Protein chains: 2
Amino acid sequence: MSKITITDVARRANVSIKTVSRVVNGEPNVRDGTRERVQQAILDLDYRPNPSARSLATQRSYLVALIYDDPDAYEAPSCGYVVNLQQGLLSACNARGFDLLIHPANYRDSKALENIAKMIAHARPEGVVLAAPLSNMPDVVATIEDSGTRLIRLSPGACATGQFVETDDAEAAQAMTSYLASLGHRRIAFVRGHAKHSAVQLRLSGYKAGLRASGLNLDPALIVDGDNSIASGEDAAAQLLALEQPPTAVFAANDDMAAGILRTASRFGVNVPDQLSVAGFDDISLAQQIYPALTTVRQPLRAIAYRAGEMIIDDVQGTHEDNVIPAEIVVRESTAPLARKH
Amino acid sequence: MSKITITDVARRANVSIKTVSRVVNGEPNVRDGTRERVQQAILDLDYRPNPSARSLATQRSYLVALIYDDPDAYEAPSCGYVVNLQQGLLSACNARGFDLLIHPANYRDSKALENIAKMIAHARPEGVVLAAPLSNMPDVVATIEDSGTRLIRLSPGACATGQFVETDDAEAAQAMTSYLASLGHRRIAFVRGHAKHSAVQLRLSGYKAGLRASGLNLDPALIVDGDNSIASGEDAAAQLLALEQPPTAVFAANDDMAAGILRTASRFGVNVPDQLSVAGFDDISLAQQIYPALTTVRQPLRAIAYRAGEMIIDDVQGTHEDNVIPAEIVVRESTAPLARKH
DNA sequence: GACAAAAGCGACAGCGTTGTCATGCTGCTG
DNA sequence: CAGCAGCATGACAACGCTGTCGCTTTTGTC
């Protein structure tokens with residue numbers, strides 16, 4: 001019930017309220033002695049500036065909003081996605097005296113756009129961070145931009161206009177491919193994802209770059225199509241295992257397909273990782289729940305969200321590199337060094 | 001960039017700002033004609049009251065804070081718990097023009113209490129909802145209560161002083177145990193959760209009561225410890241399956257551990273549910289994604305959080321029954337009648 | 001040591017609401 | 001029809017802070 005106001009502090013420090021304001025906001029032109037006196041008074045009284053009064057006077061809200069797809073209908077993976085983004089963004093906000101508003105939006109709901117507009121009009125955040133997959137839906141983006149609020153998009157994919165933060169999918173795919181090569185694998189297959197998913201193209205080119213970097217040749221027979229589903233991973237694996245010279249490692253463009261590969265391998269009696277190494281992409285929570293737990297690529301979600309918060313609050317544009325956060329390879333049980341031929 | 005203020009509305013409706021204020025806040029003593037005129041002006045101008053100004057004038061924050069255990073690391077899929085609570089509470093808040101502040105607190109961090117106090121002093125929420133397992137940590141509770149903020153605890157377990165909302169974990173656990181017994185199982189194991197999580201104690205006693213109610217004896221060897229993680233579920237299962245007389249059913253105190261049990265069973269070549277029935281607790285989304293889909297106890301998390309929001313904002317005390325939201329047994333594929341011995 | 005420039009500080013007016021109180025009007029009572 | 005309660009409304013002062021501007025000092029310069 002802290003009823004201590006700036007006036008109380010001013011009286012105790014024997015200065016005007018304006019000087020207290022200067023000290024609190026770190027403004028210049030305050031003599032050291034005076035500053036210390038004021039700071040002591042603040043400490044003594046345990047004074048906390050009233051955020052509402054400050055907002056009213058400065059015409060700012062000191063608020064950032066995070067809008068993400070409502071994981072209600074969505075499955076478990078997006079829970080982890082959401083929570084990590086929240087925490088990353090929250091850290092950035094708290095470090096700067098900002099508060100965070102969360103706004104789950106179900107894009108299947110016809111009122112989703114209206115709700116977003118309503119939230120922005122009501123709370124007036126200084127910026128909005130828009131998480132994938134909402135970040136590449138034109139109507140959602142338009143709704144936010146129309147409100148005049150600064151917008152940072154997360155992993156917006158191909159149509160990356162405006163400000164955004166993302167990971168370099170190509171680089172990550174290259175790193176994973178190189179990792180597999182470093183385990184001794186020379187026949188490394190790649191399962192492509194759904195053509196519409198723009199990151200998929202990047203992952204493929206990263207795979208190719210990884211092969212090159214490891215001095216391996218590209219065998220077109222080792223690149224097969226999938227559509228991001230578990231079933232398509234099963235099919236792809238069946239196709240690959242039927243090859244005359246089957247691969248000893250398979251890198252799937254997402255975790256679901258990798259899970260499908262695991263299933264097929266199990267059905268074919270192929271042991272993972274002893275006979276076949278399997279790697280995925282995304283680190284959905286399924287990845288650690290299946291057996292064997294999946295070696296995969298993890299997006300540094302907290303770092304991404306933190307960066308987005310910085311961009312909004314510190315109002316920095318940032319070079320392109322600053323906004324591309326490198327991904328991380330998570331080695332679990334589904335990959336192993338290539339067994340020597342006897 | 002809505003710079004429309006109450007003054008603009010007043011001018012357009014040809015009334016004083018005070019009358020606009022009356023209409024906006026649904027106060028009495030406004031002639032119908034005047035009210036309509038004002039409402040039309042509000043619509044025409046798309047006027048939104050400035051929350052900061054309102055807060056300043058009313059000395060209220062229109063804020064509710066949700067404090068929960070930081071599901072640190074990507075490993076803990078307890079984030080489904082968090083996300084559901086957030087959404088339930090958010091619904092309650094938004095319906096009443098309140099905003100929600102989220103505050104993940106890592107109780108292993110020595111500054112956790114300090115951070116909570118700081119958040120409350122800074123944002124001055126009108127109430128705090130404290131999620132389990134934080135809700136039964138005396139120092140956390142004390143910190144919040146010392147701030148003078150209204151506190152609603154979620155599933156506070158044994159030490160339920162003050163206001164709280166919970167499900168009857170003991171009753172639910174008893175029901176699940178009885179259900180397993182009704183399938184013919186006579187050796188039903190129980191995997192305990194993290195000792196600090198007090199609901200765990202209730203679930204254990206519910207398990208015991210369920211055994212009693214079904215006329216089964218308690219075998220101490222069938223009660224093993226876990227720490228709520230998948231890994232601990234794996235370990236627990238390994239321990240149970242190695243028993244001379246292994247159980248035919250295992251009831252885990254949460255779904256993560258149940259998932260771990262499933263993994264170990266698969267690794268041991270034990271078929272679920274034919275050779276082993278497995279039941280969990282919580283109904284996290286993982287429960288229905290894994291194979292076999294998990295029979296479990298569902299806590300109505302959103303309803304619980306919504307209720308907590310109501311209690312804070314509407315300032316209702318509520319009878320005890322109002323604040324105990326019944327849980328539900330969800331039967332899926334991981335449990336089956338005990339196979340007859342041949 | 002004179003003078004300009006800059007530093008240090010305070011008075012006061014907002015910021016957009018709500019609360020308080022005064023005022024005029026309406027309708028009812030006797 | 002006087003008298004009065006109560007309804008409808010408005011004027012104006014908070015609420016706690018920052019921005020602007022002006023007044024004193026201090027500092028720097030030759």
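All values below were derived from every heavy atom in this structure, side-chain atoms included, with hydrogens, water molecules and symmetry-related copies excluded. All values reported here derive from a predicted model rather than from experimental measurement. First the proteins, then the strands, lettered A, B, ... as listed; each starts at 1.
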Leading and trailing nucleotides of DNA chain C with any atom under 4.0 Å from heavy atoms of chain A: C/dA7 to C/dG16
Length of the CZ-C1' vector between A/Arg54 and D/dG19, whole Å: 14 Å
d(CG, A/Leu56; C1', D/dA14) in whole Å: 12 Å
Interatomic distance, B/Arg22 CZ vs D/dA8 C1' [rounded to whole Å]: 8 Å
Full working for salt bridge (charged side-chain N to carboxylate O under 4.0 Å, His left out) between B/Arg96 and B/Asp314: CA-CA 9 Å; B/Arg96 292 164 179 76; B/Asp314 301 343; 2.9 Å; yes
Side chain to side chain, B/Arg48 and B/Ile4, heavy atoms closer than 4.5 Å: no
Distance-minimising heavy-atom pair for A/Ala105 and A/Ile67: CB-CG2, 4.1 Å
DNA chain C contacts among residues 12-19 of chain B, heavy-atom distance under 4.0 Å: B/Ile17, B/Lys18
Sugar-phosphate only, base, or nothing, as touched by A/Pro49 at under 4.0 Å among non-hydrogen atoms: sugar-phosphate
Residue whose closest nucleotide on DNA chain D lies nearer the 5' end, B/Ala57 versus B/Pro28: B/Pro28
Any A/Ile313 side-chain heavy atom under 4.5 Å of A/Glu126 side chain: no
Rounded interatomic separation in angstrom, taking CD from A/Glu27 and C1' from D/dT20: 12 Å
Side-chain donor-acceptor pair present, A/Gln299, A/Glu328, cut-off under 3.5 Å: no
Cation over ring face, B/Arg60 and B/Tyr62, 6.0 Å, 45°: yes
A/Pro51 backbone acceptor or donor facing A/Ser55 side chain under 3.5 Å: yes
Euclidean distance, atom CD1 of residue A/Ile4 to atom C1' of D/dG16 [Å, nearest integer]: 13 Å
side-chain hydrogen bond (donor to acceptor under 3.5 Å, both in side chains) between A/Asn323 and A/Arg307, worked out: CA-CA 7 Å; A/Asn323 300 336; A/Arg307 173 71 192 144; 2.9 Å; yes
CG-CG distance between B/Leu90 and B/Leu100, expressed to the nearest 0.5 angstrom: 5.5 Å
Residue-level proximity of residues 29-37 of chain B to DNA chain D when a heavy atom falls under 4.0 Å: B/Asn29, B/Val30, B/Arg31, B/Thr34
4.5 Å side-chain heavy-atom contact, A/Val128 and A/Arg150: no
Candidate pair A/Val15 and A/Val20, rule side chain to side chain contact (heavy atoms under 4.5 Å, CB included), full reasoning: CA-CA 7 Å; A/Val15 295; A/Val20 177; 3.8 Å; yes
